[in-house]
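Numbering of ligands and ligand atoms starts at 1, following listing order. All residue numbers refer to positions in the sequence shown, counting from 1.
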Amino acid sequence: MENIIWVAGHKSPDTDTICSALACAYMLEQEGKAAVAVRAGELNKETQYALAKFGAAAPELKTEIPAGQPIMLVDHNESKQAIDGLKEADVVGLVDHHRLGDLETEKPIFMLIEPVGCTATILLALMRQRGIEIPPTIAGLMLSAIISDTLLFRSPTCTERDRQAVEELAAIAGVDYAEYGMEMLRAGADISDLQPADMVQTDKKEFAVSNGTISIAQLSVMDTAPVLAQKEALLRELEADRAAHSYEASFLMVTDILEEGTQLLFAGDAAKVAAAFAAEAADGEVYLPGVMSRKKQVAPPLLGAF
Ligand code: MN
Ligand code: MN
């Protein structure tokens, strides 16, 4: 068992983390290695929709990794976002599209980080390079990942390579990606059963700052009105979560996929938030028109300000 490589994405898994873990495990197996995709948290509705659409089973839930267990990381590289126990595990590889964080390894590893919209886009290039054939199910999962991360090409993180990858993968999977993509995003944007306490945990990521940690969650919806109607409760939950984890500040991006903008709710120092975005930040909120990407448009200014 010990030699089977775990392939894992980040906590609060999103569609890229799950689908790229599955695709990467498939790639390793095609190269004769024993690999299994695992997940460090519950599936969101969008990911469940994608897995069902292409008939794929979810990776097994693993909240902690045993010491010495070989692991390949996809879609993240910061220890705060990784499966518990990573420090004592044996990281053997990394494929990612985020800033380089605090990853340390004992041995040299295979590592590929590129500034594209999605991990699956990088995996597609790797599979092409290695002459690995991509079956329709894996192609469907990979295109789902790219559509999710780029919000169907709307995010400023989206590159020409991501667009081309989706076209190529759609031909293999046999889907109309524009139509399927909207269906998948709509499935993910269904917040009808979410309480404010759940909303502030959606897709939450932690980032190390000079005096501690900040958290940034993101809720992507087709209409922000039903979410913002609960603003007071959301701010209370953000403050409770901030206090519970001793975060410097807690953020919730309420992103409108169709209008292409983000209402950023927060608990923390309003002056620092205002400075980060050179905007007015009153009553725990700041509106950021055109902002859709945490990685490219929200995390960098906040990491600078905190
Ligand atoms: Mn991700
Ligand atoms: Mn990603």
J.: Using side-chain heavy atoms (C-beta onward) and a distance below 4.5 Å, is K231 in contact with L235?
T.: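 Yes; the side chains approach each other to less than 4.5 Å.
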J.: Between K295 and H97, does the side-chain hydrogen bond (donor to acceptor under 3.5 Å, both in side chains) criterion hold? Intermediate values first, please.
T.: CA-CA 10 Å; K295 175 180 17 198; H97 66 127; 2.8 Å; yes
J.: Which protein N, O or S atoms does the Mn ion (ligand 2) have within a distance shorter than 2.8 Å?
T.: D16 OD2, D75 OD1, H97 NE2, D149 OD2
J.: Indicate if the distance from the Mn ion (ligand 1) to the nearest N, O or S atom of H76 falls below 2.8 Å.
T.: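 So H76 does not count as coordinating the Mn ion (ligand 1).
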J.: Are D84 and T63 side-chain neighbours, meaning at least one heavy-atom pair lies under 4.5 Å?
T.: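 Heavy-atom side-chain distance check fails, nothing below 4.5 Å.
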J.: For the residue pair F251 and F266, does the interplanar ring angle fall in the parallel (under 30°), tilted (30 to 60°) or perpendicular (over 60°) class?
T.: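 Tilted, since the angle between the ring planes falls between 30° and 60°.
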J.: Would you check, one step at a time, whether the test side-chain hydrogen bond (donor to acceptor under 3.5 Å, both in side chains) holds for Q69 with D90?
T.: CA-CA 5 Å; Q69 166 69 47; D90 178 19; over 6 Å; no
J.: Output, in order, the C-alpha distance, side-chain angles, deciding distance and verdict of side-chain hydrogen bond (donor to acceptor under 3.5 Å, both in side chains) for D75 and S20.
T.: CA-CA 8 Å; D75 196 36; S20 285; over 6 Å; no
